[in-house]
Amino acid sequence: MAQTTSPPATTPPPSRRRRGPARASAGIAAVIGLVSAGLALGVAQLVAAAVRPESAPVLAIGSAFIDRVPPWLKDTAIRLFGTNDKLVLLGSMALVIALLAALAGLAERWRRGAGLALVVLFGVVAVGAAVTRSGSGPWDAAPSVVGFAVGGVALRLLVERLRDADAAAERSTDRSAQPTGPAASSGSSARRGPSRRSVLTVTAWVAAAAAAAGAAGRALGTAARDAVAARAGLRLPPAASPASAVPAGVENGVAGTTPYLTPNADFYRIDTALTVPAIDPATWSLRIRGMVEQEVEVGFDELLAMDLVEERVTLTCVSNEVGGGLAGNATWLGLPVATLLERARPMAGADMVLSKSSDGFSASTPIEALTDPARGALLAVGMNGEPLPLEHGFPVRMVVPGLYGFVSATKWVVELEVTRFADATAYWTTRGWSDRGPIKTASRIDVPRGFAQVPQGTVAVGGVAWAQTRGITAVEVQVDDGEWQQATLAAEDGLDTWRQWSYAWDAAAAGTGPHTLRVRATDGTGAVQTSERAAPAPDGSSGWHSTTVTVV
Ligand SMILES: Nc1nc2c(c(=O)[nH]1)N[C@H]1C(S)=C(S)[C@@H](COP(=O)(O)O)O[C@H]1N2
Ligand SMILES: [Mo]
């Protein structure tokens with residue numbers, strides 16, 4: 001708004017009169033930039049605690065920078081700063097971020113959208129850094145995306161409010177500069193719009209929110225970092241009783257069949273945890289209480305010092321549909337649950353152990369499945385030669401052959417309550433699922449995939465079957481409504497693991513067009529897998545898996 005009349009001699013010239021307030025407004029804009037950046041990083045920190053601590057933008061950019069820094073610069077930095085090099089890096093980053101943030105505030109005040117553009121640019125760099133690190137996935141983008149979106153909105157709204165305040169201040173200055181003008185008479189309504197002070201007040205509130213989000217994120221995230229670091233530094237002791245070698249011939253030789261041992265990274269994951277519990281083994285302990293003669297509490301080191309056992313067990317989820325993939329086979333290292341239960345001496349009448357996790361999940365397991373040394377129920381610490389991955393229960397979980405995970409495989413386990421089925425109820429049981437869950441015999445066709453086109457000739461059909469604790473003694477395949485044919489069983493590893501099978505199908509004889517392949521298994525008791533269809537709830541699906549292919 002330009003000054004159209006010359007001001008009275010008593011008021012300072014406009015340039016001087018305006019410079020003070022303009023400078024104040026620019027200062028506020030810079031502060032808004034800083035606070036918005038703080039909010040972006042605070043929110044991102046909070047989201048990162050849920051996703052993965054390493055995905056927080058500053059850490060991600062710093063790590064990506066370290067990953068990409070040329071060796072000479074890294075060497076120079078280490079020579080100059082020694083082991084403080086990471087501190088120096090983070091300090092420099094903080095400085096750069098602060099400068100950019102203030103600049104974003106000023107830019108947004110200068111021109112709508114200019115500051116936002118800077119925010120978007122920085123956000124893109126952060127997302128890029130977070131998703132390109134090794135072991136990262138698309139979710140690692142979430143902290144930066146959410147953080148910078150919130151920060152950008154804050155910047156926009158606060159600067160807009162500042163604009164309003166500036167405009168209002170200008171109007172009132174103009175009026176006081178022209179006491180005889182027409183507007184002077186409307187005295188009380190001279191100032192319409194927020195004051196700069198109120199802008200600062202709102203900004204202060206946003207700063208407080210940023211600090212709260214950051215602190216909450218840090219508090220949640222530190223635990224995760226500790227757990228990650230502890231896991232990385234952990235060397236598991238060798239098993240006192242190692243698993244036998246995997247027999248030759250456990251794979252069926254049909255390309256495309258699920259691998260016999262499931263790599264940890266591919267192992268299915270099922271749990272109720274929104275954020276993966278991060279437990280530092282140094283603070284972990286397991287308490288055995290309830291109907292016991294002697295309460296027992298063991299720490300992690302104590303547990304590792306006992307005689308550990310290694311065994312292969314195929315885990316299965318009760319939610320697995322017929323033909324589904326919620327099963328995995330791993331080598332587990334752990335302490336037999338029986339060892340600790342013996343110490344605690346369960347009282348007569350106890351028929352269940354309610355295992356509880358740090359995050360409130362619980363599972364009801366028949367006590368005899370845990371005390372029977374032949375069953376081999378473990379408090380597992382190792383999975384396929386590594387400490388348990390955090391998502392699979394680090395530092396300790398239960399593994400009980402023959403029972404679905406929801407009634408046995410408690411991850412992040414911290415307590416075993418010896419009790420009775422009549423007296424206590426597990427997490428899923430209160431939600432309508434069964435209180436017991438022996439695994440039902442199941443078989444699955446992995447190859448060919450459904451709706452595959454196969455050539456006329458011999459087609460290799462292959463898959464897996466499981467009946468943990470009973471073992472698989474036969475698998476049969478049926479084509480359309482033909483006779484059931486014996487499939488060839490791959491070598492058996494143990495009763496607690498799945499077993500691969502194959503079948504050479506004469507697709508030429510079947511003729512071109514669609515055909516249905518069906519599979520069923522027989523377990524070690526001689527029972528043939530039931531054809532009766534059941535949904536997963538309340539105690540596991542049943543029925544024969546079939547797949548339709550077209551011979552071309
Ligand atoms: N703490 C906790 N443990 C849990 C669960 C859970 O939700 N929370 N889910 C159970 C279920 S339903 C299954 S099938 C297995 C899955 O183990 P995985 O994720 O290692 O494959 O964990 C079991 N242990
Ligand atoms: Mo499950």
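Because the structure is a prediction, the values reported are computed rather than measured. FYI, the numbering just counts along the sequence from 1. We count ligands from 1, going down the list as the structure has it; atoms in each ligand are counted the same way. Both backbone and side-chain heavy atoms feed into the values below; hydrogens, waters and symmetry mates do not.
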A.B. asks: Can you tell me if R397 has a non-hydrogen atom under 4.0 Å from ligand 1?
C.D. replies: yes
A.B. asks: Quick check: does I270 get an N/O under 3.5 Å from an N/O on ligand 1?
C.D. replies: yes
A.B. asks: Pairing donors with acceptors under 3.5 angstrom, does anything connect the side chains of D446 and T258?
C.D. replies: yes
A.B. asks: Going by the closest heavy atom to atom 24 (N) of ligand 1, which one wins out of A363, P389, G393, A409?
C.D. replies: A409
A.B. asks: Should you measure from each heavy atom of F406, which atoms of ligand 1 turn up under 4.0 Å away?
C.D. replies: 11 (C), 12 (S)
A.B. asks: When you compare the side chains of N252 and S502, does any donor N or O come within less than 3.5 Å of an acceptor on the partner?
C.D. replies: no
A.B. asks: May I ask you to list the atoms of ligand 1 that are less than 4.0 angstrom from any heavy atom of T410?
C.D. replies: 3 (N), 24 (N)
A.B. asks: Quick one: look at D359 and ligand 1, take heavy-atom pairs under 4.0 Å, and tell me if it's side chain, backbone, both or neither.
C.D. replies: side chain
A.B. asks: Check K411, M383, R231 against L388 for a side-chain contact (heavy atoms from CB on, under 4.5 Å) and give me the one that passes.
C.D. replies: M383
A.B. asks: Return yes if a side-chain donor-acceptor contact under 3.5 Å exists between Y404 and S319, otherwise no.
C.D. replies: no
A.B. asks: Can you give me the closest heavy-atom contact between E391 and W412, atom names plus distance?
C.D. replies: O-CZ2, 3.7 Å
A.B. asks: With side chains defined as the heavy atoms from C-beta onward, is the minimum distance between P263 and N384 less than 4.5 Å?
C.D. replies: no
A.B. asks: So, Q468 versus T316: side-chain donor-acceptor pair below 3.5 Å or not?
C.D. replies: yes
A.B. asks: Is it the side chain (CB and beyond), the backbone, both or neither of C317 that lies under 4.0 Å from ligand 1, heavy atoms counted?
C.D. replies: both
A.B. asks: Where does Y427 meet ligand 1, judged by heavy-atom distances below 4.0 Å: at the side chain, the backbone, both, or neither?
C.D. replies: neither
A.B. asks: Which pair of non-hydrogen atoms, one from A424 and one from L354, has the smallest distance, and what is that distance?
C.D. replies: CB-CD2, 4.2 Å
A.B. asks: Taking T441 as the fixed residue, which of Q529, R470, R520 is the one that meets the side chain to side chain donor-acceptor pair (under 3.5 Å) rule?
C.D. replies: R470
A.B. asks: Within the structure, does Y268 bring an N/O atom to less than 3.5 angstrom of an N/O atom in ligand 1?
C.D. replies: yes
A.B. asks: So is there a nitrogen or oxygen of R269 less than 3.5 Å from a nitrogen or oxygen in ligand 1?
C.D. replies: no
A.B. asks: Taking heavy atoms and a distance under 4.0 Å, where does F267 meet ligand 1: side chain, backbone, both or neither?
C.D. replies: side chain
A.B. asks: Between ligand 1 and S357, is the shortest N or O to N or O distance under 3.5 Å?
C.D. replies: yes
A.B. asks: Any N or O of T316 that comes nearer than 3.5 Å to an N or O of ligand 1?
C.D. replies: no
